[in-house]
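A short worksheet on the structure shown next.
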Amino acid sequence: MAYWLFKTEPDAFSIDDLANRENQTEPWDGVRNYQARNFLRDDVALGDRVFIYHSSCKHVGIAGVAEVVKAGYPDATQFDPESNYYDPKSLPESPRWFRVDVKFVEKFHKVLPLAEIKAMPAIVELPLVKKGGRLSIMPVSESEWQQLYAAAR
DNA sequence: GCCAACGTTGGC
DNA sequence: GCCAACGTTGGC
């Protein structure tokens with residue numbers, strides 16, 4: 001089992017929205033970055049655990065945990081002209097963008113703030129805290145996961 | 001709202 | 001294939 005961190009803007013989709021889906025699965029779609037796409041297509045696997053990170057909001061940080069319930073498959077929004085994520089250059093026979101399905105596992109009582117994550121000596125390799133830090137889907141090592149999880153609870 | 005970082009586009 | 005222009009991300 002591997003570990004990941006997915007970013008989301010809570011104004012659009014938050015950990016609470018995910019929690020409100022009860023036991024339903026949720027497609028994690030709209031990812032339009034090639035590096036993130038490669039992770040979704042090739043590496044994110046059934047049963048993997050995912051930190052849900054809230055970005056571009058008042059309390060940026062890790063808000064909870066989700067579980068991957070379906071591995072990478074083509075993101076249908078790329079073929080939908082009505083969608084904000086429509087990509088006219090992507091063809092159904094060779095889809096450019098992928099998504100996975102997740103389900104809610106846990107919401108932390110308090111968001112683990114980015115500032116605290118940056119202050120943790122063990123968290124220096126995570127793309128989130130490296131310069132730029134714009135990657136929206138990133139791998140988390142087991143030791144990073146354990147330290148972040150412990151700090152969040 | 002500002003602005004730095006950085007990915008993408010497109011002319012050549 | 002280079003690289004300047006442009007658009008987007010995302011913390012602050």
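Order of the sequence lines fixes the chain letters, A, B, ..., with proteins taken first and strands second; residue numbering starts at 1 for each chain.
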### Query
How long is the line joining CD1 of A:I62 and P of C:dG11, in whole Å?
12 Å
Please list, one pair per line, the donor and acceptor atoms closer than 3.5 Å that link side chains of residues 123-138 of chain A to other protein atoms, with sequence neighbours excluded.
| from | atom 1 | to | atom 2 | distance (Å) |
| --- | --- | --- | --- | --- |
| A:E125 | OE1 | A:K130 | NZ | 3.2 |

### Message
My understanding is that only residues two or more places apart in sequence, or in another chain, count here; which of them pass side chain to side chain donor-acceptor pair (under 3.5 Å) with A:Y86?
### Response
none
### Message
Are more than 12 heavy atoms, taken from residues, nucleotides or ligands other than A:Y85, located less than 6.0 Å from that residue's OH atom?
### Response
no
#### Entry: Any pair counted as salt bridge (charged side-chain N to carboxylate O under 4.0 Å, His left out), so long as it reaches residues 79-88 of chain A, sequence neighbours left out
A:D87-A:R96
### Rounded distance [0.5 Å steps], CZ in A:F104 versus CG in A:D17
11.5 Å
### Positions of residues 52-61 of chain A (non-hydrogen atom under 4.0 Å from DNA chain C), listed by number
A:Y53, A:S55, A:S56, A:V60
### Message
The criterion is side chain to side chain contact (heavy atoms under 4.5 Å, CB included); which residues satisfy it with A:L91, sequence neighbours excluded?
### Response
A:E93, A:S94
Would you list the atom pairs, donor with acceptor, under 3.5 Å between side chains in residues 56-71 of chain A and any protein atom, with sequence neighbours excluded?
none

### Task
Step by step, work out the ring-ring contact (aromatic ring centres under 6.0 Å, His included) result for A:W4 and A:F51.
CA-CA 6 Å; A:W4 303 94; A:F51 280 138; over 10 Å; no
#### Entry: Set of side chain to side chain contact (heavy atoms under 4.5 Å, CB included) partners for A:S143, sequence neighbours left out
A:S141
I'd like a table of atom pairs between the protein and nucleotides 6-10 of chain B - only N or O on both sides, under 3.5 Å - with the distance next to each one.
| from | atom 1 | to | atom 2 | distance (Å) |
| --- | --- | --- | --- | --- |
| B:dC6 | OP1 | A:K131 | O | 2.6 |
| B:dC6 | OP1 | A:G132 | N | 3.4 |
| B:dC6 | O4' | A:R134 | NH1 | 3.2 |
| B:dC6 | O2 | A:R134 | NH1 | 2.6 |

### Query
If you look only at pairs with a residue in residues 106-122 of chain A, which of them pass as a side-chain hydrogen bond (donor to acceptor under 3.5 Å, both in side chains), with sequence neighbours excluded?
A:D16-A:K107, A:E106-A:Y149, A:E106-A:R153
### Query
Where along residues 74-87 of chain A does a heavy atom fall under 4.0 Å from DNA chain C?
none
### Task
Please go through A:Y34's hydrophobic cluster and name the other residues, only I, L, V, M, F, W, Y counting, with side-chain heavy atoms under 4.5 Å joining them.
A:W97
### Task
Compute the angle between the rotation axes at the two ends of the helix from B:dG1-C:dC12 to B:dC12-C:dG1, each taken over five pairs, rounded to 10 degrees.
10°
### Task
Examine the side chains of A:S90 and A:Q78 and answer whether a donor and an acceptor come within less than 3.5 Å of each other.
yes
